[in-house]
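See below for the structure under consideration.
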Number of protein chains: 2
Amino acid sequence: MSDRAAKGSPTLEDVAREAGVSRATVSRVINGIRNVDPSIQDVVRRAIATTGYVPNRAARSLVTRRADTVALVVSGAGADEGGEAGDEDGPGTPFRGQLLADPFFGRISAGVVDFLRRRAMHPVLMLADSTDARKQVVSYLRQGHADGALLVSIHADDPLPETLVAAGVPCVLFARPPRPVPVSYVDLAHRDGGRLAADHLVARGRQHIASITGPLDVLASQDRLAGFRDALARHGHPYVPCEEGNFTLESGERAMSALLERHPEVDGLFVANDLMAQGALHVLRERGRAVPDDVAVVGFDDSSAALSCRPALTTVRQPVEEMAAEMTRLLLERVDQPGARPTSVIFEPALVARQSA
Amino acid sequence: MSDRAAKGSPTLEDVAREAGVSRATVSRVINGIRNVDPSIQDVVRRAIATTGYVPNRAARSLVTRRADTVALVVSGAGADEGGEAGDEDGPGTPFRGQLLADPFFGRISAGVVDFLRRRAMHPVLMLADSTDARKQVVSYLRQGHADGALLVSIHADDPLPETLVAAGVPCVLFARPPRPVPVSYVDLAHRDGGRLAADHLVARGRQHIASITGPLDVLASQDRLAGFRDALARHGHPYVPCEEGNFTLESGERAMSALLERHPEVDGLFVANDLMAQGALHVLRERGRAVPDDVAVVGFDDSSAALSCRPALTTVRQPVEEMAAEMTRLLLERVDQPGARPTSVIFEPALVARQSA
DNA sequence: GTGAAAGCGCTAACAC
DNA sequence: GTGTTAGCGCTTTCAC
């Protein structure tokens with residue numbers, strides 16, 4: 001209601017004068033410090049209301065040395081082209097927006113935003129997809145505009161985690177870093193996810209089980225496959241035909257075609273993410289293989305793609321929003337106690353049974 | 001490299017001492033103000049390098065009264081449940097993350113981030129999906145943490161545009177507000193989009209043309225339909241069977257079923273967004289109607305859904321990233337000259353021909 | 001062309 | 001329990 005465009009918004013001083021107390025007292029009331037007489041609290045609160053006072057963040061930050069803001073950094077390697085973020089905008093179109101347009105990242109943001117706003121905080125969105133952009137991120141953080149960084153790394157060879165840690169910036173990663181870095185992270189028990197998929201396919205009576213994996217230089221892909229293989233071995237399946245994809249729909253189609261060529265007998269399939277699974281479904285339909293009757297398909301992520309497929313995808317759910325919330329909690333904790341040693345929190349996946357398997 | 005965790009990072013004072021000049025001079029060099037002897041500039045720059053100085057944003061903001069940050073606000077009405085943001089996470093699951101997980105919103109973020117970072121700025125992400133959250137947004141902006149707001153409104157009855165304008169917060173909307181508000185916005189020429197779809201279907205020789213519309217309380221839906229109808233009328237089609245959806249996949253399926261029931265003769269279809277079109281495709285396939293031979297389908301948006309469909313969707317492309325970039329440009333302009341009167345910038349859609357029509 | 005000095009609005013010792 | 005006071009690090013007149 002009050003006019004922000006006016007000469008100047010009211011300051012602590014104004015409120016203090018109005019209330020007939022000192023700035024310090026007003027400050028105490030605002031910051032919820034006890035030691036203030038209830039009746040005076042009332043007077044102050046009334047003065048705040050009548051003046052329309054709003055604290056100035058810059059002034060506060062200057063003295064508290066806190067921005068009360070965190071950065072949400074989506075980070076790739078030198079070039080572009082997303083991995084898990086492989087929601088392509090067109091064949092061969094290395095579209096810049098790719099990373100952010102990925103619903104997977106959207107789920108992360110959702111978890112972060114939802115957690116932060118309870119603390120009246122909000123994330124600053126940053127894209128670090130080039131050397132330059134990475135420098136910008138570091139400089140931005142060093143300027144103190146944010147108290148720390150939530151880092152979602154797309155590429156295995158992303159240098160940002162190390163850079164940030166070296167610069168002394170508090171940060172928490174969304175997944176275990178490929179190279180060991182003394183930093184906190186949240187992650188999924190990807191192996192367990194693979195096991196879940198294997199158990200489900202076996203329970204469905206599948207005999208010829210194969211997999212379309214993610215890029216094998218990504219830890220998550222390796223782990224999903226390893227868990228899947230181990231569980232199958234335990235069920236008496238010593239060998240799992242595999243085809244490597246890169247998390248995009250097109251790569252799922254390619255991998256499915258290749259797999260069908262080499263192993264036409266396949267009747268059970270684990271695909272390392274939903275988007276590739278959707279591609280696999282396309283190819284199976286073209287080839288006249290019924291899903292789930294001829295081939296049972298299990299995806300991974302439980303993304304929106306899983307729901308928009310027909311048949312709807314049975315898939316391994318990552319609790320991405322919860323993971324993101326926990327990542328945020330860890331960061332805030334770390335900002336409060338910069339000394340503490342890094343921790344990790346691992347989440348369990350769950351199988352979501354739909355029509356495809 | 002320098003240790004941020006150390007006692008305190010270097011200040012202007014430190015640099016000044018190192019360079020043997022005054023704070024003012026260092027400040028001038030940093031802010032690129034002339035009137036500084038080139039040789040002294042060099043000395044200062046060297047001092048900056050050796051001290052590892054980084055300006056403190058809070059201190060700067062305090063005196064410039066600029067945050068050099070903008071807010072990107074995704075705003076719904078009281079409850080949740082997205083319109084254009086209808087990328088549902090499950091039938092009947094009013095998932096909070098919905099809005100942010102929508103690739104449409106992702107494209108907007110991408111455009112915004114991409115534009116801002118050239119100015120070394122980054123957006124603060126805020127979700128305003130409840131009365132409380134809306135208050136938080138206003139308060140946050142009034143605290144001066146951001147210089148203005150980019151507003152992406154999902155619902156027709158969103159009160160935020162008016163609130164923000166009334167509070168004197170510079171802002172720019174992503175689409176024309178339903179109720180007249182003196183505020184700048186960018187938008188698409190939705191009517192032209194409808195016309196594009198109509199012309200294309202007619203050119204493909206379709207005789208029985210129908211439409212699945214978006215929610216008709218949304219201006220964009222109305223305009224897309226109006227443009228579509230007008231163009232068809234010009235081609236001698238006086239009547240267009242319609243079914244209303246709500247931008248979700250499921251609603252597309254429902255609408256398609258209803259349409260097929262009432263108008264089995266349909267051979268051409270315009271769907272107001274790609275996600276509903278994907279749903280329509282599912283139903284058509286179930287019913288044994290070949291696309292595009294039996295029924296030609298044109299979508300809207302050119303989202304990732306259009307590419308993940310089979311057949312791939314012919315659709316009307318919105319240049320969302322460019323629109324978002326322009327929206328950002330308008331906001332920055334407005335922040336610089338708060339007096340200027342509002343403007344609007346309307347973008348033209350383009351037909352992207354793929355397999356479905 | 002450069003320096004000195006006055007704040008920006010707030011918090012946090014420290015006195016009382 | 002409350003007021004006084006000293007800055008936080010920066011920009012920006014205003015002298016020189």
Side-chain angles (χ1 to χ4, degrees), chain A residues 2 4 6-45 47-48 51-69 139-140 142-145 147, chain B residues 2 4 6-45 47-48 51-69 139-140 142-145 147:
Chain A
S2 123
R4 183 175 185 273
K7 187 78 139 298
S9 29
T11 72
L12 258 197
E13 185 73 50
D14 298 326
V15 180
R17 198 176 320 117
E18 173 80 20
V21 298
S22 74
R23 286 193 332 245
T25 301
V26 180
S27 177
R28 287 184 186 110
V29 172
I30 286 169
N31 295 299
I33 295 174
R34 328 169 249 304
N35 292 1
V36 177
D37 187 293
S39 69
I40 292 203
Q41 288 195 31
D42 257 25
V43 177
V44 171
R45 255 186 267 283
I48 290 174
T51 53
Y53 171 75
V54 186
N56 177 315
R57 301 281 287 233
R60 178 178 287 178
S61 285
L62 186 56
V63 42
T64 59
R65 328 201 114 266
R66 278 296 192 71
D68 281 324
T69 293
S139 144
Y140 191 89
R142 297 219 320 143
Q143 288 182 41
H145 214 129
D147 298 322
Chain B
S2 125
R4 186 175 183 274
K7 187 77 139 299
S9 31
T11 73
L12 259 196
E13 185 73 51
D14 298 326
V15 180
R17 199 176 321 117
E18 172 80 21
V21 297
S22 74
R23 286 192 335 244
T25 300
V26 179
S27 176
R28 286 182 187 113
V29 171
I30 286 169
N31 295 299
I33 295 173
R34 330 168 248 305
N35 291 2
V36 177
D37 188 294
S39 69
I40 293 202
Q41 288 196 31
D42 256 24
V43 177
V44 170
R45 257 186 265 284
I48 290 175
T51 53
Y53 172 75
V54 186
N56 177 313
R57 301 281 290 234
R60 178 178 288 180
S61 285
L62 185 55
V63 42
T64 60
R65 327 200 117 267
R66 278 295 193 71
D68 282 323
T69 294
S139 144
Y140 191 89
R142 297 220 318 144
Q143 288 182 41
H145 214 126
D147 298 321

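Lettering of chains follows the sequences in order, A, B, ..., and the numbering in each one begins at 1.
B/Y140 OH to A/D68 CG: the interatomic distance, rounded to the nearest 0.5 Å, is 9.0 Å. Put simply, CZ on B/R60 and CZ on B/R65 are 16.0 Å apart, with the number rounded to the nearest 0.5 Å. Atom CG of A/L62 sits about 6.0 Å away from atom CG of B/N56, to the nearest 0.5 Å.
Atom NE2 in A/H145 sits roughly 15 Å away from atom P in D/dC10 (whole-Å rounding). Taking atom CD1 of residue B/I48 and atom P of nucleotide D/dC10, one finds them 10 Å apart after rounding to whole Å. Rounded to whole Å, the distance from CG on B/L62 to P on C/dC10 is 9 Å. Rounded to whole Å, atom C1' of D/dT11 lies 11 Å from atom CD1 of B/I30. Going from atom CD of A/Q143 over to atom C1' of D/dC10 covers 13 Å, rounded to whole Å. Separating the CD atom of A/E13 from the P atom of C/dC8 is a distance of 10 Å, rounded to the nearest angstrom. Residue B/D14 contributes atom CG, which lies 11 Å from atom P of D/dC8 at whole-angstrom precision. Distance, A/R60 CZ to C/dC10 P: 8 Å, rounded to whole Å.
Side-chain contact between B/V44 and B/V21 is present, with at least one heavy-atom pair separated by less than 4.5 Å. Residues B/S22 and B/T25 meet the side-chain proximity criterion, which asks for heavy atoms closer than 4.5 Å.
Each end of the helix from C/dG1-D/dC16 to C/dC16-D/dG1 gets its own rotation axis from five pairs of C1' atoms, and the angle between them is 40° to the nearest 10 degrees.
The phosphate of C/dG9 has OP1 or OP2 within less than 4.0 Å of a side-chain N or O from B/R65. Distances shorter than 4.0 Å separate none of the side-chain N or O atoms of B/N56 from OP1 or OP2 on D/dC8.
Using bins of under 30°, 30° to 60° and over 60° for the plane-to-plane angle, the ring pair A/H145/B/H145 lands in the tilted bin.
Here the nucleotide nearest the side chain of B/N31, chosen from C/dT11, C/dG9, D/dT11, is D/dT11.
What you find for B/Q143 and A/V54 is that their closest heavy atoms are CG-CG1, 3.3 Å.
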Write out a two-atom table: protein N or O, nucleotide N or O from nucleotides 1-5 of chain D, distance below 3.5 Å.
| unit_1 | atom_1 | unit_2 | atom_2 | d |
| --- | --- | --- | --- | --- |
| D/dT2 | OP2 | A/D37 | N | 2.4 |
| D/dG3 | OP2 | A/S22 | N | 3.0 |
| D/dG3 | OP2 | A/S22 | OG | 3.2 |
| D/dG3 | OP2 | A/T25 | OG1 | 2.6 |
| D/dG3 | N7 | A/R28 | NH1 | 3.4 |
| D/dG3 | O6 | A/R28 | NH2 | 2.5 |

* Asked: Going through the distances and angles, do A/L12 and A/I30 end up as a side-chain contact (heavy atoms from CB on, under 4.5 Å)?
  -> CA-CA 10 Å; A/L12 258 197; A/I30 286 169; 3.9 Å; yes
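With sequence neighbours excluded, the residues satisfying side-chain hydrogen bond (donor to acceptor under 3.5 Å, both in side chains) with B/N31 are B/S27.
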